[in-house]
Amino acid sequence: MNTPRSALFLLFALATIILLVGCRRPATVGAAQPDASVAEVVHRAQGSPPVQKPSIEIISARALARDFASDSAASTRRSARQVVEVTGELGNLEAGGDGVPVLTLRGGAGFKDPRFVLDADAWPDVSTLKTGATVRLSCRDGSESAGQVTLKACSLL
């Protein structure tokens, strides 16, 4: 008589364990992720702030020249903090002093037409451009000197 009771007890214990294991919620593939990215977690662990991506401002060559004409110091600071996407009509293409391509887009507005300095490896892309063509550039590092707006670190989009 002891044997059937122990078998019944053992069967009850196994059923309870199976029931408890089966009630656990499995992790799903589409489960919500924490708000912090891996980079932010690593930076917090190292005690340094996460790297911020620069914001992007989209502007025409004419508006860019106007901005620099109205407040060149503020425009210089803004272009250092963010990427500026500029669209305009190609006025001139020349080689800069160090052999890099320099595009001039029409847009003056009281200043000389803005200039855009590209990397030397951009020659194959810009050499086919024709005067008057509409071009789009992504740049950083704008400055103004003697009425000439120049943006550096540019790439053709």
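In this chain, numbering begins with 1 at the start of the sequence shown. Note: hydrogens, waters and symmetry copies are ignored here, and every other heavy atom, side chains too, is used.
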TODO: Would you check, one step at a time, whether the test side-chain contact (heavy atoms from CB on, under 4.5 Å) holds for Leu90 with Thr134?
DONE: CA-CA 6 Å; Leu90 181 62; Thr134 300; over 6 Å; no
- [ ] Give a yes or no answer on whether the side chain of Trp123 reaches the backbone of Gly99 with a donor-acceptor pair at less than 3.5 Å.
- [x] yes
Open item on the list: Minimum heavy-atom separation for Ser127 and Leu93, please, with both atom names.
Closed with: CA-CD2, 4.4 Å
Open item on the list: Is any side-chain heavy atom of Thr104 closer than 4.5 Å to one of Gln148?
Closed with: no
- [ ] In sequence, state the C-alpha distance, the side-chain angles, and the governing distance for Val135 and Thr87, and then conclude on side-chain contact (heavy atoms from CB on, under 4.5 Å).
- [x] CA-CA 6 Å; Val135 295; Thr87 303; over 6 Å; no
Open item on the list: With heavy-atom distances below 4.5 Å as the criterion, would you say the side chains of Val84 and Leu151 are in contact?
Closed with: yes
Open item on the list: Tell me the closest heavy-atom pair linking Ala122 and Pro101, and the distance in Å.
Closed with: CB-CG, 4.2 Å
Task: Qualifying disulfide (SG to SG under 2.5 Å) pairs, either residue in residues 71-105, two or more places apart - done: none
- [ ] Give every residue pair that meets the salt bridge (Lys or Arg N to Asp or Glu O under 4.0 Å) criterion with at least one member in residues 148-157, sequence neighbours excluded.
- [x] none
Task: Remaining members of the apolar cluster that contains Val102, side-chain heavy atoms under 4.5 Å - done: Val100, Val117
Open item on the list: For a quick test of reading the model, state the closest non-hydrogen atom pair linking Val83 to Ser138 and the distance between them.
Closed with: CG1-OG, 3.1 Å
- [ ] Just grab all the salt bridge (Lys or Arg N to Asp or Glu O under 4.0 Å) pairs involving residues 123-138, residues at least two apart or on different chains.
- [x] Glu85-Arg136
- [ ] I would like to know whether Leu129 and Leu156 meet side-chain contact (heavy atoms from CB on, under 4.5 Å); could you show each step before the answer?
- [x] CA-CA 11 Å; Leu129 294 175; Leu156 196 59; 4.2 Å; yes
TODO: Kindly compute the distance separating CG (Asp119) from SG (Cys154), expressed to the nearest 0.5 Å.
DONE: 9.0 Å
Task: Of all pairs that satisfy side chain to side chain donor-acceptor pair (under 3.5 Å), the ones with a partner from residues 90-100, not counting sequence neighbours - done: Asn92-Glu94, Glu94-Arg115
- [ ] Among residues two or more places apart or on two chains, list those pairs meeting disulfide (SG to SG under 2.5 Å) that have a residue in residues 69-107.
- [x] none
Task: Leu137 side, atom CG; Leu103 side, atom CG - distance, nearest 0.5 Å - done: 5.5 Å
